[in-house]
Each structure stands twice: as C-alpha cells, then as structure tokens.
Amino acid sequence: MFDNLFVVALVTVIAALFLEPIILGFMRFFGFFALVREREARVYVLFGKVLGVLDDPGLHFLWFRFGPKALFLPFLGQCYIRDLRLDQEYLRSTPVNSEEGAPMGIGMWYEMRISDPVAHVFRNTDPRGSLRANVGNATVRCLSNLRLSAMLESRHSMSLSVRSQVSPESKEWGYQLGSTYVRKVHFRDVGMIKQIEAKVVNRLRQVTSAIRQDGSNQVNIIASTAEREAAVEFAKAAAMRPQIVGTALESIWKDPIVGETLFEILENQKLIEGNADIILIPPGTREDLMTQLTATAPTPPHKPAAVQAPSRPGRPQL
C-alpha cells in the first residue's frame, strides 16, 4: 500500500511539473483559450476580417466564443494586442506668434487612451504620431495671434480651445483625448529674452532704490523727531536747572557759616582739580610789582655737571 501511494505521488509531481505546461502550451497553440490581462485588448483577425475583440480581463475559451473558426486563428489569423492604459505625452516648445509679433513657444501636455482598438489597428498606420501632429497643429491654429498678456495669463482657456479642436479627430483613430494643459509659455528669441531680463533688472534696481530711499526718509524723519523732542526736553532741563540750584543755595545760605564753608570747599576743589601753579609768598615781604614778578618767573631746570673720569698714570692721553 505504501508503494502505491509513493507511485501516485511521483506521478502527480511529474504531471504537475512537466505534463501540465506541455498540455497548456498545446491548448494555447491551437487557440483553445486566451488569457487577457488588465487594461488590455486583443483584436483577432481572420482572412482580413475582424473576428472579435476581447477586452475583458480573464480567461477566455476561443473555441466556444468564435466557434470552428478559432481552429484557424493560430495558423491563418492574426492577433493584435493593444494597451488600454492611460498614457501621456508632452510637446515641447511649439512655435507660435503673438498679436504683437513676439515669437513664443508653447509647451503642451496631454493625456490619451485607446477607446476603440479596431480603429486604432486599421484606421491609421501611426495613430500616436498622427495625434501628436494633430495636437501641434491645433496649438498653432488656436493660440497664434493672441495677445501676449492673454498667453501669459489665461492658460486654462487656451487648453480648452486646443482640446475642443483635437477631440473629434482623435476619436476617428481610436484615441480618446483626456486632459490637455498648457504647461509652459516662453520666448523663443534670445535677443528679446536678454532685453526683457535687462528691463526686469533695471526695474528691480529702481524699486530697490525707491524702497531704500523711502526707508532713509523714514529714518531721517524718526531721527529728526527724536532730536527735536530731545532738544525740547534738554531746554526744559536747562530752564529748570537755575531754579533748582537757586532753591538749593537759598536753603544753604540760611546758615551763613555753612554757606561760606561750602563755597570755600568748592573753590579749593577747583584749584586742586586745575593744573595752575600755586605760588606762596611768605608774609612780611614786599608786595610791590617787582617782587611778585620775580616770584612768578619760572626757574630753569638744574643740570648736573659732567664729571670727567680720571686718567690712569703712565698712559698718555690722546
């Protein structure tokens, strides 16, 4: 019994590893079934005629769907596979001219997907290139001779106008046009770009200098106002100072001894703080003009006499 189970398991493993892929390969080769992936379409053509279209994801049995004609598909028919996923493309710098004659470039971005696989296969040999050319022609046709301000500001309306022109023609080729948007509007003339840059730089300099001058004016106004208020306060303080000093002196001189002592101290303090020479004349001397002038005359500084070194005996001096 154990030997029978082992033989059955071995046969099952061999069938799973080798026989199943071989059987499925033969069935697929003879067109018994087809596996359609997500967002994919298969167009089957037999003898120049469309036999059917499979666009539902899953497993499809062709013999039951197409009948006996499915036996001839692998040998005499064709199968066209189309991707139905959303795709997008960007047209860079499509040349147009504004109403003022400025050479402009338009960058157009658009989305598309295949809505009719049969038309995509048979209506046009290069439907993607035709759609690209159609979008470029519609961009030139709809956006030329517009005002420069409208080109730089109203991108939404320009996108709608291009989409309305392209959508009817794209359906004939099996495409459904999605979102269409003007991504970029730029100047194509290098000289004009440099002139605009120079004008912008000059304008920025003017604005910067105006802002700086306005700030300087504001600072000067604030400084002059502060100086005027400070001068007013200093004037008030200078006017109040004599009153304060006079009141203090009046209270001090109520006692004459204290007043005399205070003024004597102040006088001595000023004499000490000054750099004047003080000459004391002893009492009992003459008080005539010559004595005073002699006392006030400056004395020259005393210079010590030069001492000559004694020479050694027996050595002649030169």
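Just so it is clear, the structure is predicted and the values come from calculations on it, not from any experiment.
Using a 4.5 Å heavy-atom threshold, the side chains of Val185 and Ile106 count as touching. Side-chain contact between Arg128 and Asp87: present, with at least one pair of heavy atoms (C-beta onward) separated by less than 4.5 Å. Contact annotation: the side chain of Leu76 approaches that of Phe47 to within less than 4.5 Å [non-hydrogen atoms, C-beta and beyond]. Side-chain contact between Pro95 and Arg188 is present, with at least one heavy-atom pair separated by less than 4.5 Å. The closest side-chain heavy-atom distance from Tyr90 to Lys184 is below 4.5 Å.
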Candidate pair Tyr110 and Leu91, rule side chain to side chain contact (heavy atoms under 4.5 Å, CB included), full reasoning: CA-CA 8 Å; Tyr110 61 95; Leu91 290 181; 4.0 Å; yes
Evaluate Asp83 against Ile114 for side chain to side chain contact (heavy atoms under 4.5 Å, CB included), listing each step before the verdict. CA-CA 7 Å; Asp83 190 358; Ile114 299 175; 5.6 Å; no
Test log, rule side chain to side chain contact (heavy atoms under 4.5 Å, CB included), inputs Leu146 and Met158: CA-CA 10 Å; Leu146 289 179; Met158 294 192 299; 3.9 Å; yes
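Between Leu131 and Trp173, the shortest heavy-atom distance links the atoms N-CZ3, 3.7 Å. When all heavy atoms of Ala34 and Tyr44 are compared, the closest pair comes out as CB-OH, 3.3 Å. Shortest non-hydrogen contact noted between Ile221 and Thr225 is O-OG1, 2.7 Å. Here the closest heavy-atom approach between residue Pro117 and residue Ala41 is recorded as CG-CB, 3.7 Å. Asn97 and Pro103 make their closest contact through OD1-CA, 3.5 Å (heavy atoms, listed as atom of the first residue, atom of the second, distance). In terms of heavy-atom proximity, Arg155 sits nearest to Val182 at CD-O, 3.6 Å.
Under a 4.0 Å N-O distance rule, the pair Arg42/Asp55 does not qualify as a salt bridge. The pair Glu111-Arg113 does not meet the salt-bridge criterion, since no charged nitrogen lies less than 4.0 angstrom from a carboxylate oxygen.
Side-chain N or O atoms of Arg183 include none that pairs as donor or acceptor with a backbone N or O of Gly107 at under 3.5 Å. At distances below 3.5 Å, at least one donor-acceptor pair connects side-chain atoms of Glu100 with backbone N or O atoms of Leu148. A donor-acceptor pair under 3.5 Å is formed between the side chain of Arg163 and the backbone N or O of Gly178. Using a distance-only test at 3.5 Å, with no hydrogens or angles considered, no donor-acceptor pair links the side chain of Ser167 to the main chain of Ser164. For Thr94 (side chain) and Gly136 (main-chain N/O), no donor-acceptor pair under 3.5 Å exists by modelled atom type.
A donor atom on one side chain and an acceptor atom on the other are not found under 3.5 Å apart for Asn202 and Gln206.
Between the CD atom in Gln165 and the CG atom in Leu177 there is a gap of 12.0 Å [rounded to 0.5 Å]. Separating the CD atom in Glu227 from the CD1 atom in Ile222 is a distance of 12.0 Å, to the nearest 0.5 Å. Between atom CE of residue Met108 and atom OG of residue Ser93 there is a gap of 12.0 Å, rounded to the nearest 0.5 Å. A distance of 5.5 Å separates OG of Ser98 from CE of Met151, quoted to the nearest 0.5 Å. Between atom CD1 of residue Ile211 and atom OG of residue Ser216 there is a gap of 12.0 Å, rounded to the nearest 0.5 Å. Leu143 contributes atom CG, which lies 5.0 Å from atom OG of Ser161 (distance to the nearest 0.5 angstrom).
The side-chain hydrogen bond (donor to acceptor under 3.5 Å, both in side chains) analysis of residues 129-143, with sequence neighbours excluded, yields the pairs Glu89-Arg132, Asn124-Ser130, Asn134-Glu169.
Through chains of ILVMFWY side-chain contacts below 4.5 Å, Val118 is grouped with Val43, Val45, Val50, Val53, Tyr80, Val121, Phe122.
Tracing side-chain contacts under 4.5 Å through hydrophobic residues (I, L, V, M, F, W, Y), one reaches Val166 starting from Val140; they form part of the same cluster. The hydrophobic cluster containing Val207 does not contain Val200, counting ILVMFWY residues as joined when their side-chain heavy atoms lie under 4.5 angstrom apart, directly or transitively. Criterion: ILVMFWY side-chain heavy atoms under 4.5 Å apart, direct or through other members. Under it, Val232 and Met240 are not part of a common hydrophobic cluster.
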In a table with atom names and distances, give each donor-acceptor pair under 3.5 Å that connects a side chain of residues 59-72 to protein atoms at least two apart or in another chain.
unit_1 : atom_1 : unit_2 : atom_2 : d
His60  : NE2    : Asp56  : O      : 2.7
Trp63  : NE1    : Phe30  : O      : 3.4
Trp63  : NE1    : Gly31  : O      : 3.1

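Around atom CZ of Phe234, no more than 12 heavy atoms belonging to other residues, nucleotides or ligands sit under 6.0 Å away. Counting non-hydrogen atoms of other residues, nucleotides and ligands closer than 6.0 Å to CG of Leu204 gives a total above 12.
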